[in-house]
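One structure is given below, encoded as C-alpha cells.
Heads up: numbering here begins at 1 and tracks the sequence. Start at 1 and go down the list; that is how both ligands and their atoms are numbered.
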Amino acid sequence: MIRGYHTPVLVTEVVDALAPALAPCEASSARGDAPTTADPAYPEPVFVDATCGGAGHTLALLEDARTRPRTVVAMDRDADAIAWAEDTLRPRADALGVRLVLVHAPFSSLAEVLDDLQITAVSAILADLGVSSHQLDTAARGFSFRADAPLDMRMDRSRGMSAADVLAAIEERELSRILREYGEEEDATRIARAIVAARPRTTAALADTVREAMSARQRRRLGARIHPATRTFQALRLHVNGELDELKRLLDAAPERLRGSGRLAIISFHSLEDRLVKQRFSALSRPPAVPRGLPIPESERPSAAFSLPLGRRGQTPGDLELENNPRSRSSRLRALERCT
Ligand SMILES: C[S@@+](CC[C@H](N)C(=O)[O-])C[C@H]1O[C@@H](n2cnc3c(N)ncnc32)[C@H](O)[C@@H]1O
C-alpha cells in the first residue's frame with residue numbers, strides 16, 4: 001500500500017464488503033446478470049472510487065484477486081489527487097491489465113460521468129468521505145489551524161469561494177447557523193460575532209479569533225485535547241465545499257447505478273454525514289408498504305430492492321487500527337446491496 005498521501009481507513013473491511021460484488025465476471029454471468037456496459041472498452045466488473053484520494057482503497061482492491069475490477073473509474077474533486085493517481089495508480093493498473101479512467105469531478109456528478117462513459121450500471125462504488133491527510137497536512141491548502149496559511153479550504157481550487165472570501169462577505173446570523181448546524185458549536189453566536197468583526201483571512205487569525213471568543217466554560221469542556229477552533233474549522237470546511245449537499249446527491253444517484261448484487265460502500269467521519277447515509281440506506285432497504293388490511297400472504301409481499309450486508313450499524317475500526325491511525329477514530333463503514 002502506498003503511504004505518504006493518505007493512510008486509508010478500514011481497508012480490510014472495505015475489501016471484504018465489496019468482494020461479493022466484484023467477484024470475477026464468470027461468477028456474475030453464472031448468476032445471469034445482464035451485461036451493463038455498452039462499450040467493451042470498459043470491461044466488467046466496473047468499480048467506481050468516488051473519492052480516489054491517495055488511491056489506497058483502490059490499490060487494495062486491485063491487489064486482491066477476489067476483488068480485482070477490470071475497469072476502475074476513479075474520481076476526485078481535488079486535482080492533486082488525480083495527479084497522484086496518474087503517477088501511482090496508473091502504472092499498477094496498467095501492469096495488471098485494468099482499465100483506469102481518472103476523472104477530476106465532484107461525486108455529485110456521478111451519473112453524468114457514467115453517462116459520458118456510456119456505463120449504465122456498475123458492480124461497486126466506494127465513497128470515503130471528508131478530507132485526505134494530504135489536504136490537511138499541506139499548510140498552503142488552508143484546512144488546518146496547526147500551521148499558518150491563507151484560509152482556503154477548497155478541495156477543488158479551480159472553482160468556488162475560499163473560506164477567507166466566504167468570511168469576508170458572510171452575515172453574522174448565517175455564520176452562526178453554519179457553526180451550530182455543521183460544527184454543533186455551542187458558542188456559535190459569540191464566535192460568529194467575533195469572526196464577523198475580525199473577518200480573518202488566515203488559519204492562525206481564525207483560530208485566535210475563535211479561541212478568544214469562546215466562553216471559559218466551553219473551553220473547559222473541550223479540555224486540553226481538543227483545540228477550541230476544531231468545530232469552527234469543520235463547519236467552515238463543510239460549508240465551503242458543500243459537503244452535505246454533495247453527499248445527498250451521491251446518495252440519490254449511486255444506488256440507481258448499481259447492477260444486481262452490486263454494492264455501495266460509504267465511509268463517514270462524523271455524525272452529520274453518517275446520519276444521512278444511515279437514513280437513506282435504511283429507507284432503501286425497507287420493503288414497499290402494503291396498504292393496511294389487504295389480505296396479501298407473507299410470501300407474496302413485495303420485498304425490498306436493497307439490503308444492508310453489514311447490518312444496520314455498519315463497521316468501525318478495531319483496536320489495532322485505532323492505535324496505529326488516530327484519524328480512523330470516528331470512521332464508520334456502511335454498505336448497501338442491490339438485490340437481484
Ligand atoms: C478520505 S480521502 C479518500 C482517501 C482514499 N480512499 C484513499 O484510500 O486514499 C477523501 C478524498 O475525497 C475527495 N472528496 C471529498 N469530497 C468529494 C466530492 N464531493 N467529490 C469528489 N471527491 C471528493 C477529497 O478531495 C479527498 O481526496
Side-chain angles (χ1 to χ4, degrees), residues 1-15 17-18 47-64 67 72-89 92 101-114 124-138 141-144 152-160 182 234 237-254 264-270 272-274 276-277 317 321 325-333:
M1 182 166 309
I2 294 178
R3 307 241 171 218
Y5 192 98
H6 180 80
T7 304
V9 305
L10 293 163
V11 175
T12 313
E13 289 80 356
V14 165
V15 171
L18 296 185
F47 165 63
V48 177
D49 186 343
T51 53
C52 182
H57 286 109
T58 292
L59 282 164
L61 292 167
L62 289 184
E63 296 306 340
D64 191 320
T67 52
V72 173
V73 179
M75 304 175 62
D76 205 293
R77 69 196 304 192
D78 188 336
D80 287 3
I82 298 300
W84 174 268
E86 195 61 67
D87 289 348
T88 56
L89 180 58
R92 193 64 193 133
V101 185
L102 293 174
V103 188
H104 178 215
F107 54 57
S108 54
S109 63
L110 175 79
E112 290 87 330
V113 167
L114 293 179
I125 302 172
L126 171 68
D128 177 16
L129 303 174
V131 279
S132 64
S133 302
H134 168 81
Q135 289 164 330
L136 275 180
D137 298 340
T138 305
R141 301 296 302 266
F143 280 100
S144 169
D152 190 329
M153 289 196 181
R154 285 170 303 163
M155 294 187 199
D156 182 350
R157 284 175 290 176
S158 66
R159 66 188 73 194
Y182 295 166
Q234 171 187 301
R237 194 199 89 203
L238 288 178
H239 175 71
V240 164
N241 295 289
E243 289 179 49
L244 297 182
D245 283 341
E246 277 286 314
L247 178 56
K248 284 181 199 158
R249 290 175 65 183
L250 178 76
L251 287 167
D252 279 342
L264 164 64
I266 301 190
I267 302 174
S268 60
F269 287 84
H270 55 77
L272 296 170
E273 291 170 342
D274 187 51
L276 290 177
V277 179
E321 176 160 17
N325 182 7
R327 281 185 183 163
S328 70
R329 206 172 37 233
S330 45
S331 60
R332 183 179 293 272
L333 170 68

Do side-chain atoms of Glu13 reach the backbone of Leu333 as a donor and acceptor pair under 3.5 angstrom?
-> no

Mind checking whether Tyr5 and His134 have parallel, tilted or perpendicular rings, split at 30° and 60°?
-> parallel

Going by distance alone, is a donor N or O of one side chain under 3.5 Å from an acceptor N or O of the other, for Arg327 and Ser133?
-> yes

Could you pull out the N/O contacts under 3.5 angstrom between ligand 1 and the surrounding protein atoms?
unit_1, atom_1, unit_2, atom_2, d
ligand 1, 6 (N), His57, ND1, 2.9
ligand 1, 6 (N), Asp128, OD2, 2.8
ligand 1, 8 (O), Gly56, N, 3.0
ligand 1, 8 (O), His57, N, 3.0
ligand 1, 8 (O), His57, ND1, 3.2
ligand 1, 9 (O), Gly54, N, 2.9
ligand 1, 9 (O), Ala55, N, 3.3
ligand 1, 19 (N), Glu246, OE1, 2.8
ligand 1, 20 (N), Phe107, N, 2.8
ligand 1, 22 (N), Arg77, N, 3.2
ligand 1, 25 (O), Asp76, OD1, 2.7
ligand 1, 25 (O), Gln135, NE2, 2.9
ligand 1, 27 (O), Asp76, OD1, 3.4
ligand 1, 27 (O), Asp76, OD2, 2.7

Which is it for His57 and Asp49 under the side chain to side chain donor-acceptor pair (under 3.5 Å) test, yes or no, and what are the steps along the way?
-> CA-CA 8 Å; His57 286 109; Asp49 186 343; 5.8 Å; no

Between the main-chain N or O of Glu243 and the side-chain N or O of Arg237, is there a donor-acceptor pair closer than 3.5 Å?
-> no

Quick one: do the His104 and Asp76 side chains pair a donor with an acceptor below 3.5 Å?
-> no

